[in-house]
2 protein chains.
Amino acid sequence: MSSFRHAMLTLLAREPLSGYDMKQQMNSRMGPFWKAGSNQIYPELVKMEEEGLVELEVVQQHDYRPARKVYSITESGRQELKRWTMERAEPETIRDEFLLKAYNLWLADPETMMLRLEEKKKEHEEKLRIYLDKVSELNGLLDPSNPQDPILSSLSVVEFGIEYEKLYMKWCSDLASKLKNRQ
Amino acid sequence: MSSFRHAMLTLLAREPLSGYDMKQQMNSRMGPFWKAGSNQIYPELVKMEEEGLVELEVVQQHDYRPARKVYSITESGRQELKRWTMERAEPETIRDEFLLKAYNLWLADPETMMLRLEEKKKEHEEKLRIYLDKVSELNGLLDPSNPQDPILSSLSVVEFGIEYEKLYMKWCSDLASKLKNRQ
DNA sequence: TACTTCATGTAAGGAGTTACATGATTTT
DNA sequence: AAAATCATGTAACTCCTTACATGAAGTA
């Protein structure tokens, strides 16, 4: 059920990782598509190992450091991920705090809201930049002879992100100029 | 802190409502921008009344029905909503289950995924239709002489929704045709 | 000197979902 | 005859966030 554990399987289907690595990847590679804290990751990995979805190899490091616990997906985990991937996804709710604030634009000071729109636009401009860099990076890693290269799937998702950021930026600009004309 | 109670104040800033009305509006008027269940709404309204953000008028109805509890925003509630609206909003995470599934496209059956993409596209086509209807409805309610009409803010948010649905549909089509060409 | 990185985790609490309960009336 | 509508709520549970804890090494 929970898509959090499927997000973890998603990462492990591509390469073995430690819990620490997964946290890093969720907050960078998967970009802001999925995030998680260590409190969710570590206990969930223990459960997933008990259920045979992943397996564990403990790698010793320097003495002063906790051993790295590197998890790999099992055949059963891969099957489960494939099954879940092909299942219908429920419709999502956007639930964006800034949009909720925009719904209250009429009762706020126009000058402040102009500022907020500019800040938001810059924030999404920055995300766009990151995604564009990621596309170049992924294109470099792409194996053009393999039509089932996971990189192709990564690219599709990042491309969604790029269009989304562009849309958000345009919406901010348009709304800001409407606000200006209203004054 | 919690934006759930601000979502409720957002609705009450426009008109007095019962908890039941709010649930309806969150699942229609605010469209899929914010959702909530009765378990969240009723206890939160009690707290908000204690804190003086809203006030309550009990309206008797037929005997066989529970009395309608109609809540209005207070001056203090309106101030708080205004303050919150003008505050910076934190960056959001998209967290869309279907995008996560698309990230796993490489390990799934192309035929099934083509079907899923078509279904998703239809789902967003339906949402787009609803938003377009809402725009017509809102344009009818608009008072062109009032530059601070709340309807203008509603329109901006719905317009975001429209562009978002169009983007989603286009992404589904594009990905489906890439999948086709790969086969 | 202070902050960040690596690498594991725990604790506490708030946010959100799904299901249940009441009960006459109205619609299918 | 069955289901939806109005209108309130409660219970149980999962999901998610924030903060805390360890502790040496490397970087600013």
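A note on names: the letters A, B, ... follow the listed sequences, proteins ahead of strands, and every chain is numbered from 1.
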Are [X] and [N] close enough that a side-chain N or O sits under 4.0 Å from OP1 or OP2?
| X | N | answer |
| --- | --- | --- |
| Tyr20(B) | dC6(D) | yes |
| Arg95(B) | dT17(D) | yes |
| Ser18(B) | dT8(D) | yes |
| Arg65(A) | dC6(C) | no |
| Tyr42(B) | dT8(D) | yes |

Starting at the 5' end of DNA chain C and moving along, which residue's nearest nucleotide shows up first, Lys69(A) or Glu44(B)?
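Looking at the nearest nucleotide for each, Lys69(A) comes out on the 5' side.
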First of Gly37(A) and Gln24(B) reached from the 5' end of DNA chain D, by closest nucleotide:
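Counting from the 5' end, the first nearest nucleotide belongs to Gln24(B).
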Shortest side-chain distance from Ser38(A), nucleotide among dA7(C), dA7(D), dG9(C)
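So the nucleotide nearest the side chain must be dG9(C).
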Closest listed nucleotide, where the reference is the side chain of Gln61(A) and the choices are dA7(C), dA7(D), dC16(D)
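The answer is dA7(C), which lies nearest to the side chain.
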Measure the distance from [atom1] on [X] to [atom2] on [N] and round it to the nearest whole Å.
| X | N | atom1 | atom2 | answer |
| --- | --- | --- | --- | --- |
| Arg68(A) | dA24(D) | CZ | C1' | 17 Å |
| Leu17(B) | dC6(D) | CG | C1' | 15 Å |
| Asn39(B) | dA21(C) | CG | C1' | 14 Å |
| Ile41(B) | dT8(D) | CD1 | C1' | 12 Å |
| Met22(A) | dA7(C) | CE | C1' | 13 Å |
| Lys23(B) | dT8(D) | NZ | P | 11 Å |
| Glu92(A) | dG16(C) | CD | P | 14 Å |
| Leu56(A) | dA7(C) | CG | P | 15 Å |

Whether [Y] and [X] form a salt bridge (side-chain N of Lys/Arg under 4.0 Å from carboxylate O of Asp/Glu) is what I want to check.
| X | Y | value |
| --- | --- | --- |
| Arg83(A) | Glu87(A) | yes |
| Lys178(B) | Asp174(B) | no |
| Lys120(A) | Glu125(A) | no |
| Glu50(A) | Lys47(A) | no |
| Glu51(A) | Arg5(A) | yes |
| Glu119(B) | Lys122(B) | no |

Five-pair end axes of the helix from dT1(C)-dA28(D) to dT28(C)-dA1(D) and the angle they enclose, rounded to 10°
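End axes: 50° apart.
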Look at all strands and tell whether Ala67(B) reaches a base, only sugar-phosphate, or nothing, counting heavy atoms closer than 4.0 Å.
sugar-phosphate
Nearest 0.5 angstrom please: Tyr168(A) OH to Glu92(B) CD, how far?
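Between atom OH of Tyr168(A) and atom CD of Glu92(B) there are 7.0 Å.
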Run the side-chain hydrogen bond (donor to acceptor under 3.5 Å, both in side chains) test on Lys121(B) and Ser173(B) for me, step by step, so that the C-alpha distance in whole Å, both residues' side-chain angles and the decisive distance to 0.1 Å come before the verdict.
CA-CA 8 Å; Lys121(B) 192 183 169 191; Ser173(B) 310; 3.2 Å; yes
